[in-house]
Amino acid sequence: MSRQVSFDRYGGVEVLELLPAEKPVPGEGELLVAVRAAGLNPFDTKVRRGLMEGVFPITLPSTQGTDVAGVVEAVGPGVQGFAAGDEILGSTGRRRAQADHTLVPAASALPRPPALSWEVAGSLWVSATTASAMVRAVAPEPGEIVLVAGASGGVGALVSQLARERGAVVIGVAGVESHAWLREQRIIPVSYGEGVAQRVSAAAEAAGGRLAAVLDAVGGGYVALGVELGVAPQRIDTIVDFDAAARYGARTDGGAAGRTADVAAVLELILAGRVQFSVHRSYPLEQVRDAYRELEEGHPRGKVVLIP
Ligand SMILES: NC(=O)c1ccc[n+]([C@@H]2O[C@H](COP(=O)([O-])OP(=O)(O)OC[C@H]3O[C@@H](n4cnc5c(N)ncnc54)[C@H](OP(=O)(O)O)[C@@H]3O)[C@@H](O)[C@H]2O)c1
């Protein structure tokens, strides 16, 4: 037997249950994985609250979670390159990562480098694919000034560092608790809230130029802010504010435009010590409600991870 996180109605963390489940059977091209770590994403919360119904319909009861790392227990027909006993990180594709066992398409899996902790491995995929696609969408050139909204988040912290690795000067909007960390990463911190446009403008001027691109992992006005500050809409990418993107002609490249090769490239940067990807806290799978409470209310800097 196995256990899986499940909810049978839309709502807050109180609808989450850890229920017994059959061990899944791997189909064509799939790996059966004994889960060692499964990271949380805000997407899970949006789906569970029923906020994605229009764009991402689900059936209830529903399982939960995308990011995962674990040990391959069995492989389905047609799988090449993986075998029982392999340690992998990946993406379930079926929103069933938060469980003792899950299925991962072999095409969405990579070997876990021994130096990478289970917690980091199990929370990397969505952030790495999304951040890579966002940076690719606006293609920052060396010396260009780039704004990242949500620079302390799971996606934004990677976006900021990947843009910096391309030689861009990065201004990162985040809560003040993360400003010291952003400075350590050579990212210019700016607080959000009233007056953010003036602070961003002043930071760009102090950096010797004007904004060339905006990477928005927050929504709520950063696309419009970029346009107001003279950024060409095709050099603005948002993964949240799709209405503003449609209104201004901005880009919306995110997780769906990510590739397995993107995760491999991010892994190399992490292992080389060039990029940081941090875990804030791990919870046992039984404490799934506490874990989401922290994600939703706590402003954690770094991922929150469930450990079966
Ligand atoms: N479309 C896609 O493909 C896709 C893929 C992945 C994620 N997403 C979405 O992207 C968003 C970010 O995901 P995530 O995993 O990075 O979330 P996260 O880890 O919770 O990070 C959220 C970030 O937003 C910051 N923030 C909150 N309010 C802000 C404001 N008014 N201005 C600027 N920053 C603000 C937070 O800063 P502090 O904590 O420092 O206050 C934090 O850095 C979520 O809405 C998620 O659903 C979309």
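Note that ligands are numbered from 1 as they come in the structure, with each ligand's atoms numbered from 1 the same way. All of these numbers come straight from a predicted model, not from anything done at the bench.
- Taking every heavy atom of Phe43 and a limit of under 4.0 angstrom, the matching atoms of ligand 1 come to 47 (O).
- Protein heavy atom closest to atom 25 (C) of ligand 1, with residue, atom name and distance, is Gly150 CA, 3.8 Å.
- Distances between N or O atoms of Ser152 and those of ligand 1 include at least one value under 3.5 Å.
- Checked against a 3.5 angstrom limit, the closest N/O atoms of Ser127 and ligand 1 fall outside it.
- The nearest heavy-atom contact from the protein to atom 46 (C) of ligand 1 is Lys46 NZ, 3.6 Å.
- Under a 4.0 angstrom heavy-atom cut-off, Ala217 registers as being in contact with ligand 1.
- Between Arg112 and Asp86 no salt bridge is recorded (no basic side-chain N to carboxylate O distance below 4.0 Å).
- Side chains of Arg96 and Gln4: a donor-acceptor N/O pair is present below 3.5 angstrom, by distance only.
- At least one N or O atom of Gly154 sits closer than 3.5 Å to an N or O atom of ligand 1.
- Ion pair Glu194/Arg199 not flagged as a salt bridge, since none of the NZ, NE, NH1 or NH2 atoms sits closer than 4.0 Å to an Asp/Glu carboxylate oxygen.
- At under 3.5 Å, a nitrogen or oxygen of Gly175, whether backbone or side chain, sits near a nitrogen or oxygen of ligand 1.
- Protein heavy atom at the shortest distance from atom 21 (O) of ligand 1 is Gly153 CA, 3.2 Å.
- Contact check on Arg289 versus Glu14 returns no salt bridge, with no Lys/Arg side-chain nitrogen under 4.0 Å from an Asp/Glu carboxylate oxygen.
- Summary of contacts: the protein heavy atom closest to atom 6 (C) of ligand 1 is Thr130 OG1, 3.7 Å.
- Between His299 and ligand 1, an N or O atom pair is found at a separation short of 3.5 Å.
- One side chain, Thr45 or Glu296, offers a donor N or O that lies under 3.5 Å from an acceptor on the other.
- The contact set between ligand 1 and Tyr222, taken as ligand atoms under 4.0 Å from a residue heavy atom, comprises 30 (C), 31 (N), 32 (N), 33 (C).
- In Ile239, the parts holding a heavy atom less than 4.0 Å from any atom of ligand 1 are both the side chain and the backbone.
- Among protein heavy atoms, the minimum distance from atom 17 (O) of ligand 1 is reached at Pro42 CG, 3.2 Å.
- Of all atoms in ligand 1, numbered sequentially from 1 with element shown, those under 4.0 Å from a heavy atom of Gly254 are 3 (O).
- Heavy atoms of Val155 found under 4.0 angstrom from ligand 1 belong to the backbone as well as the side chain.
- Contact atoms of ligand 1 toward Gly255: 2 (C), 3 (O) (distance under 4.0 Å to a heavy atom of the residue).
- Side-chain contact annotation: Tyr292 with Asp44, donor-acceptor N/O pair under 3.5 Å present.
- Taking 4.0 Å as the cut-off between side-chain N and carboxylate O, Glu141 and Arg166 do not count as a salt-bridged pair.
- Here the shortest heavy-atom pairing between Pro300 and Leu295 reads CD-O, 4.1 Å.
- Contacts between Arg301 and ligand 1, counted as non-hydrogen atom pairs separated by less than 4.0 Å, are absent for every part of the residue.
- Close approach of ligand 1 to Val173 is summarised as follows: ligand atoms under 4.0 Å from at least one heavy atom of the residue are 33 (C), 34 (N).
- Geometrically, Arg48 does not engage Phe43 in a cation-pi contact, judged by NZ or CZ lying under 6.0 Å from the ring centre and within 45° of the ring axis.
- Using modelled atom types and a 3.5 Å distance limit, the side chains of Glu294 and His280 yield a donor-acceptor pair.
- Among all protein heavy atoms, the one lying closest to atom 30 (C) of ligand 1 is Tyr192 CG, 3.3 Å.
- Checked by atom type, the side-chain pair Thr66/Arg95 shows no donor-acceptor distance below 3.5 Å.
- Distance check, rounded to the nearest 0.5 Å: CD of Gln98 to CG of Leu18 gives 10.0 Å.
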